[in-house]
S.K.: 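Handing you a structure now.
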Amino acid sequence: MRKGKGRQPAEALVHFYWDKQEQRYFIRVPKQIVSGVSVDALLDDEELMTSDRYIHYADLHSHNRMPAVFSKTDDHDERATRVYMVVGRLDRYFPEITVRISNGGRFLEIAPEQVLEMPR
């Protein structure tokens, strides 16, 4: 959380993929430009973006100390059909997480347990 300029809180982004050939999920952290209120991914992984082998299943981004609430910017950016997750309050022992499904920019909030295995 403290990787921003001057060790200030910054956002970060992680992509989740499904490998159809190996039948497994994996994550990729794209190169990104981050600030305390935004993250811009530099999408340069051509194989993942063009191959029929991989499904870009979900995105997770952080809101550092802020609440795990999707912003207007998130609503604008998260138009692809996939699962989107935001994690906030990372300065607390129990951070917050909010999850939704986007179908072409139409959103349905769901329980995190529907797409994530929660720790015991």
Side-chain angles (χ1 to χ4, degrees):
M1 183 177 92
R2 301 205 182 276
K3 295 290 185 181
K5 201 173 210 175
R7 295 193 36 85
Q8 291 299 310
E11 294 193 3
L13 173 69
V14 176
H15 293 162
F16 292 74
Y17 288 90
W18 174 251
D19 183 330
K20 293 189 278 186
Q21 184 175 325
E22 293 188 23
Q23 296 288 296
R24 68 176 184 90
Y25 291 99
F26 65 95
I27 63 170
R28 185 74 48 152
V29 179
K31 293 177 186 173
Q32 46 199 276
I33 299 170
V34 300
S35 76
V37 295
S38 69
V39 57
D40 290 314
L42 306 173
L43 303 176
D44 61 355
D45 204 333
E46 187 68 27
E47 180 185 5
L48 290 174
M49 295 172 63
T50 60
S51 174
D52 287 336
R53 176 178 172 176
Y54 306 106
I55 297 171
H56 188 163
Y57 168 74
D59 287 351
L60 179 145
H61 76 277
S62 65
H63 274 184
N64 55 65
R65 292 186 284 213
M66 298 179 291
V69 176
F70 290 100
S71 68
K72 296 281 186 205
T73 301
D74 297 333
D75 291 346
H76 179 266
D77 293 346
E78 297 174 349
R79 300 278 176 183
T81 300
R82 66 177 62 118
V83 174
Y84 290 96
M85 299 172 270
V86 61
V87 179
R89 307 285 191 202
L90 293 173
D91 55 337
R92 297 183 180 177
Y93 186 77
F94 292 109
E96 300 172 357
I97 184 165
T98 304
V99 179
R100 69 182 179 183
I101 298 170
S102 173
N103 183 0
R106 295 180 58 97
F107 305 111
L108 175 66
E109 193 168 310
I110 61 172
E113 296 83 10
Q114 291 186 275
V115 292
L116 298 171
E117 291 182 10
M118 302 308 282
R120 295 175 189 231

S.K.: Could you report the tightest heavy-atom contact between Val99 and Pro112, atom names first, then the distance?
M.R.: CG2-CA, 3.7 Å
S.K.: Would you please name every residue forming a salt bridge (Lys or Arg N to Asp or Glu O under 4.0 Å) with Asp59, sequence neighbours left out?
M.R.: Arg82
S.K.: Sub-3.5 Å donor-acceptor pair from the side chain of Glu78 to the main-chain atoms of Asp75, do we have one?
M.R.: no
S.K.: Please give me the minimum heavy-atom distance between Gln32 and Val39, naming the atom from each residue.
M.R.: OE1-CG2, 3.1 Å
S.K.: Closest heavy-atom contact between Glu22 and Asp19?
M.R.: N-OD1, 3.0 Å
S.K.: Tell me whether the count of non-hydrogen atoms from other residues, nucleotides or ligands lying under 6.0 Å of CZ in Arg106 goes above 12.
M.R.: no
S.K.: Would you say Thr98's side chain and Val69's backbone share a donor-acceptor pair under 3.5 angstrom?
M.R.: no
S.K.: How about Glu113: does its CD atom have over 12 heavy atoms from other parts shown lying under 6.0 Å from it?
M.R.: yes
S.K.: Running the 4.5 Å side-chain criterion over Ile, Leu, Val, Met, Phe, Trp and Tyr, what cluster does Val86 land in, apart from itself?
M.R.: Phe70, Tyr84
S.K.: Can you list the steps and then say if Asp74 with His63 is a side chain to side chain contact (heavy atoms under 4.5 Å, CB included)?
M.R.: CA-CA 11 Å; Asp74 297 333; His63 274 184; 3.4 Å; yes
S.K.: With Glu109, which residues qualify under salt bridge (Lys or Arg N to Asp or Glu O under 4.0 Å), at least two apart?
M.R.: none
S.K.: Taking Arg89 for the side chain and Arg65 for the main chain, is one N or O donor matched with an acceptor at less than 3.5 Å?
M.R.: yes
S.K.: Testing Tyr54, Phe16, Trp18, Tyr57 one by one against Phe26 for a ring pair (Phe, Tyr, Trp, His ring centres under 6.0 Å), which residue passes?
M.R.: Tyr54
S.K.: Taking all non-hydrogen atoms of both residues, which atom of Val29 and which atom of Leu13 are closest, and how far apart?
M.R.: CG1-O, 3.8 Å
S.K.: If you compare all heavy atoms of Arg28 against all heavy atoms of Tyr17, which two are closest, and at what distance to 0.1 Å?
M.R.: CB-CE1, 4.0 Å
S.K.: In Å and rounded to the nearest 0.5 Å, what is the CG to CD1 distance from Leu108 to Ile110?
M.R.: 7.0 Å
S.K.: Would you name the heavy atoms of Ser62 and Ala10 that are closest together and state the gap between them?
M.R.: OG-O, 3.9 Å
S.K.: Decide side chain to side chain contact (heavy atoms under 4.5 Å, CB included) for Ile97 and Leu116; before the verdict, give the C-alpha distance in whole Å, the side-chain angles of both, and the deciding distance to 0.1 Å.
M.R.: CA-CA 11 Å; Ile97 184 165; Leu116 298 171; 3.5 Å; yes
S.K.: Indicate yes or no for a side-chain donor-acceptor contact from Gln21 to the backbone of Arg53 under 3.5 Å, with no hydrogens or angles considered.
M.R.: no
S.K.: State which residues pass salt bridge (Lys or Arg N to Asp or Glu O under 4.0 Å) with Arg92; sequence neighbours excluded, sorted by chain then number.
M.R.: none
S.K.: Where the side chain of Thr81 meets the backbone of Gly104, is there a donor-acceptor pair that is under 3.5 Å apart?
M.R.: yes
S.K.: My understanding is that only residues two or more places apart in sequence, or in another chain, count here; which of them pass side chain to side chain donor-acceptor pair (under 3.5 Å) with Arg79?
M.R.: none
S.K.: How would you list, by chain and number, every residue that makes a ring-ring contact (aromatic ring centres under 6.0 Å, His included) with Phe107, sequence neighbours excluded?
M.R.: none
